[in-house]
Participant: 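Got a structure here, written out as structure tokens. Questions coming.
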Protein chains: 2
Amino acid sequence: MGRKRTKSGKIRLAEVAELAGVSPITASRFFRNPEALSVAKRTRVESAAKELGYVPNLAARALASQRTEVIGVLIPSLTNNVFSDVLRGIYDASEGGRYSIQLSNTRYSILQEEKLLRLFLAQKPAGLIVTGIDQTEESRAMLEAADCPIVQIMEIGPNPVDMMIGFSHYEAARAAIAHLFGQGHRKVGFVGARMDPRVQRRLDGYVSAMKDASLFEQRLVVTTATPTSVTLGGALFTDLLAREPDLDAVFCANDDLALGVLFECRRREIAVPEQIAIVGFNDLEFMASAVPTLTSVRTNRYEMGRTAATMLIEAIDGRRPEQPVLDLGFKVIERQSSSARRSDSRPAASGAGTANKMVALPSSHD
Amino acid sequence: MGRKRTKSGKIRLAEVAELAGVSPITASRFFRNPEALSVAKRTRVESAAKELGYVPNLAARALASQRTEVIGVLIPSLTNNVFSDVLRGIYDASEGGRYSIQLSNTRYSILQEEKLLRLFLAQKPAGLIVTGIDQTEESRAMLEAADCPIVQIMEIGPNPVDMMIGFSHYEAARAAIAHLFGQGHRKVGFVGARMDPRVQRRLDGYVSAMKDASLFEQRLVVTTATPTSVTLGGALFTDLLAREPDLDAVFCANDDLALGVLFECRRREIAVPEQIAIVGFNDLEFMASAVPTLTSVRTNRYEMGRTAATMLIEAIDGRRPEQPVLDLGFKVIERQSSSARRSDSRPAASGAGTANKMVALPSSHD
DNA sequence: GTCGTTGCTGGTAGCGCTGTCAACGTTCCT
DNA sequence: AGGAACGTTGACAGCGCTACCAGCAACGAC
């Protein structure tokens with residue numbers, strides 16, 4: 001009797017096939033397309049595999065079939081809370097399935113992204129999730145030439161490579177500013193860090209909303225390329241105040257900055273929202289818990305990751321979604337930090353995050 | 001002349017070898033152990049590879065060599081900030097090298113961990129990073145039987161499977177309580193969520209420190225299995241206050257809870273630290289920025305991830321570290337939120353995180 | 001009854017790379 | 001000078017799986 005086990009002692013497909021009394025190729029089919037087998041053989045292979053504790057050798061499978069069961073994910077940062085939510089969605093959606101996630105960090109560099117993309121594509125991934133719509137020309141060309149489904153996440157824009165899921169950062173920022181205007185605020189500052197393309201588009205939205213109201217002034221905008229942090233929020237706000245002491249409100253490009261601004265206000269004994277209103281972006285958990293509770297623009301990050309991975313897997317398996325571009329929209333969650341100007345200052349009645357008034361909007365105009 | 005390209009149009013090692021005028025096996029060696037080649041051939045293979053844009057087929061390599069160049073990482077959560085720091089370290093250390101990271105999420109379940117471990121091991125990873133020291137017996141046996149280096153991270157304890165890097169959560173908690181005692185606080189509460197093994201050991205440290213001072217009372221401890229959040233910090237603190245209105249101080253099992261407690265104090269107009277002191281755990285960035293700035297126990301999470309991956313890769317490449325168990329220690333970062341009881345309340349002079357007094361300790365007793 | 005058609009199964013031939021072993025030339029030692 | 005030792009190279013034979021195509025039975029249409 002010939003060789004029964006591989007050197008490493010692992011069970012191979014051939015052993016399963018032998019025990020089941022079928023040919024190896026039939027056993028192989030069981031794992032890839034069980035419906036193609038007769039019910040009798042199917043059950044026999046199944047029990048044989050279970051009995052032997054068979055685990056397929058992915059390397060052999062990849063080599064023979066010329067494709068891997070890997071989904072490549074390119075994100076700009078592992079630090080940023082925003083991406084960890086998206087990632088969680090992606091991992092949750094892929095869990096239990098046949099595809100495994102390969103993560104790479106572009107560090108907000110589109111050249112790095114291009115390099116990683118080349119690396120990924122060489123391994124023939126089953127699918128790809130990339131962040132944003134600002135790839136290099138070279139990257140774009142590679143993506144278009146790739147023979148696997150691709151999902152662009154985090155934002156939507158024209159000319160999707162394949163599928164796309166996100167929302168309009170521009171419109172989200174405009175909605176935040178509209179909310180502040182609605183509460184009677186006029187001199188609204190902008191505080192932004194990192195200034196990646198999505199933050200840039202939030203700034204664009206802010207600028208356009210301010211210009212529409214003939215309220216835009218360059219000195220109301222304070223930004224930096226430095227990575228974002230709570231401490232930085234305080235520092236940028238300090239700059240902003242120095243430039244414009246009569247500030248009504250601050251729109252922060254993310255919630256960490258907003259929290260930093262809140263702390264800085266407390267440090268300077270500036271009443272929020274009576275003297276200055278604060279609006280953040282992303283609606284991280286702590287926003288509902290702060291004192292005062294902080295207004296923010298809620299974005300569906302977990303949903304985004306989850307849906308992106310689900311759509312991708314469906315597409316890999318040959319079921320392309322009818323809707324290849326999905327706008328997940330956003331909601332302005334109105335809380336105490338931005339309540340109406342010159343209303344009497346009603347302090348927080350009870351707990352955190354109660355009675356949030358929500359304004360839901362799709363990213364697109366109606 | 002025979003087949004030049006693979007079906008997919010990819011360059012194979014054979015093409016590179018042909019262009020370089022060497023045998024395929026020599027070309028192969030160039031990529032794995034360049035020193036074994038003569039300088040002449042080395043440069044010829046190198047330029048041939050570059051000219052053709054050769055990218056190795058990892059599946060074929062894995063199949064032929066019976067091992068993959070994958071480092072498996074098992075962590076309990078993707079949400080928790082703590083792990084994103086560790087992960088960042090791991091990814092940073094592995095970047096540019098030959099090994100790729102395969103991440104899986106155990107969701108704080110050691111049974112899930114066991115399942116994932118089995119899956120990983122079947123693919124013969126080059127190395128493994130696992131969280132903590134509380135595996136199932138079955139997992140433990142698999143780890144010990146695995147023929148690859150393994151690093152346990154996040155904490156240290158007896159009987160490492162292989163390598164280990166972390167710190168003593170028990171001692172860290174004791175140090176935090178000692179600090180509070182040093183500031184004159186006596187009735188110190190404990191607030192904890194999630195209660196994974198590491199949080200449990202922090203609780204053990206708290207209990208032992210309190211007992212040493214004959215100050216332990218069961219009602220000072222409030223915990224829940226719910227995942228941690230800022231809001232939850234406020235809620236747990238509310239419970240704690242109801243049980244023990246005369247509280248001096250709160251030791252929070254993490255910084256999110258501490259922030260929640262701070263907000264809750266503000267909501268209830270309890271002065272921090274005059275009426276109640278707060279100490280957190282992990283020293284996330286915002287702690288230095290809060291008002292008042294929040295005392296916390298700094299842990300070297302990024303370092304831990306980075307060092308773990310570095311040690312692992314070294315071990316894979318045959319250079320085992322002299323020091324297989326590394327205690328990264330911790331530091332109690334003393335800030336305003338825990339300054340001395342009954343000292344007159346001196347408000348923060350200027351900015352965030354200035355003049356932090358640090359108390360550095362290795363986890364072990366001296 | 002013959003011919004397609006369909007459903008299921010198996011044989012053969014690789015996928016692209018590396019482990020093993022053998023062979024070669026060179027150097028160094030005795 | 002003879003032989004061992006070393007450094008360098010190549011031939012061969014798979015790694016475990018799947019693509020491709022052929023074969024075979026069962027069935028219905030004419």
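Protein chains get the first letters and strands the later ones, always in sequence-line order, with residue 1 at the start of each.
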Participant: May I ask you to say whether B/Arg61 pairs ionically with B/Glu69, meaning some side-chain N is under 4.0 Å from a carboxylate O?
Facilitator: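 Yes, B/Arg61 and B/Glu69 are salt-bridged.
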Participant: Is the backbone of A/Val70 close enough, under 3.5 Å, to the side chain of A/Ser100 for a donor and an acceptor to pair up by distance?
Facilitator: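 Looks like no, no N/O pair under 3.5 Å.
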Participant: At a heavy-atom distance below 4.0 Å, what parts of residues 22-30 of chain A sit against DNA chain D?
Facilitator: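 Hits under 4.0 Å, by residue number: A/Ile25, A/Ser28.
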Participant: Does a salt bridge link A/Arg42 with A/Glu35, judged by any charged N lying under 4.0 Å from a carboxylate O?
Facilitator: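 Result for this pair is no, no salt bridge flagged.
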Participant: Between atom CG in A/Leu58 and atom P in D/dC17, what is the gap in whole Å?
Facilitator: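 Value for this atom pair: 10 Å.
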Participant: Any carboxylate oxygen within less than 4.0 angstrom of a Lys/Arg side-chain nitrogen, looking at A/Glu113 and A/Arg107?
Facilitator: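 Looking at A/Glu113 and A/Arg107, the cut-off is not met.
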Participant: Between A/Arg32 and D/dA19, does any side-chain N or O lie under 4.0 Å from OP1 or OP2?
Facilitator: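 Checking A/Arg32 against D/dA19: at least one side-chain N or O falls below 4.0 Å of OP1 or OP2.
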Participant: Report the residue (A/Arg67 or B/Val39) whose heavy-atom-nearest nucleotide on DNA chain D is the more 5′ of the two.
Facilitator: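 Closest to the 5' end, via its nearest nucleotide, is B/Val39.
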Participant: Over how many whole Å does the gap from B/Phe31 atom CZ to C/dG19 atom P extend?
Facilitator: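 About 15 Å, once rounded to whole Å.
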Participant: Could you tell me whether B/Arg306 and B/Asp85 make a salt bridge, using a distance below 4.0 angstrom between a side-chain N and a carboxylate O?
Facilitator: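 Salt bridge between B/Arg306 and B/Asp85, a charged N being under 4.0 Å from a carboxylate O: no.
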Participant: Please report the distance, rounded to the nearest Å, between CD in A/Glu18 and P in C/dG11.
Facilitator: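 Computing the A/Glu18:CD to C/dG11:P distance gives 13 Å.
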Participant: Enumerate the protein-to-nucleotides 25-28 of chain C contacts in which both atoms are nitrogen or oxygen and the separation is below 3.5 Å.
Facilitator:
none

Participant: On the 0 to 90° scale, with breaks at 30° and 60°, tag the B/Tyr54-B/Phe31 ring pair as parallel, tilted or perpendicular.
Facilitator: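 Tilted, since the angle between the ring planes falls between 30° and 60°.
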Participant: Rounded to whole angstroms, how far apart are NZ on B/Lys124 and P on C/dT18?
Facilitator: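 The distance from NZ of B/Lys124 to P of C/dT18 comes to 17 Å, rounded to the nearest Å.
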Participant: Assess whether a salt bridge exists between A/Asp317 and A/Arg98, defined as any Lys/Arg side-chain N lying under 4.0 Å from an Asp/Glu carboxylate O.
Facilitator: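 Salt bridge between A/Asp317 and A/Arg98, a charged N being under 4.0 Å from a carboxylate O: no.
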Participant: Taking 4.0 angstrom as the limit, do A/Glu46 and A/Lys50 come out as a salt bridge?
Facilitator: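 Salt bridge absent between A/Glu46 and A/Lys50.
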Participant: Please confirm whether the shortest side-chain N or O distance from A/Lys41 to OP1 or OP2 of C/dG10 is below 4.0 Å.
Facilitator: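 It does, given that an N or O in the side chain of A/Lys41 lies less than 4.0 Å from OP1 or OP2 of C/dG10.
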Participant: Within the side chain of B/Glu15, is there an N or O that forms a donor-acceptor pair under 3.5 Å with the backbone of B/Arg12?
Facilitator: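 Confirmed, B/Glu15 side chain pairs with B/Arg12 backbone.
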Participant: Roughly how many Å is it from CG in A/Leu37 to C1' in C/dG10, rounded to a whole number?
Facilitator: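 Going from CG in A/Leu37 over to C1' in C/dG10 covers 12 Å.
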Participant: From CG of B/Asn57 over to C1' of C/dG14, roughly how many Å is that when rounded to an integer?
Facilitator: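 Checked: the CG to C1' distance equals 14 Å.
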Participant: Would you mind reading off the distance between B/Gln66 atom CD and D/dG14 atom C1', rounded to a whole angstrom?
Facilitator: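 Result: 10 Å.
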Participant: Could you give the CG-to-P distance, from B/Asn33 to C/dT18, as a whole number of Å?
Facilitator: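 The answer, rounded to whole Å, is 12 Å.
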Participant: If you pin B/Leu63 and B/Gly21 to their nearest nucleotides in DNA chain D, which one's is more 5'?
Facilitator: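 Of the two residues, B/Gly21 wins.
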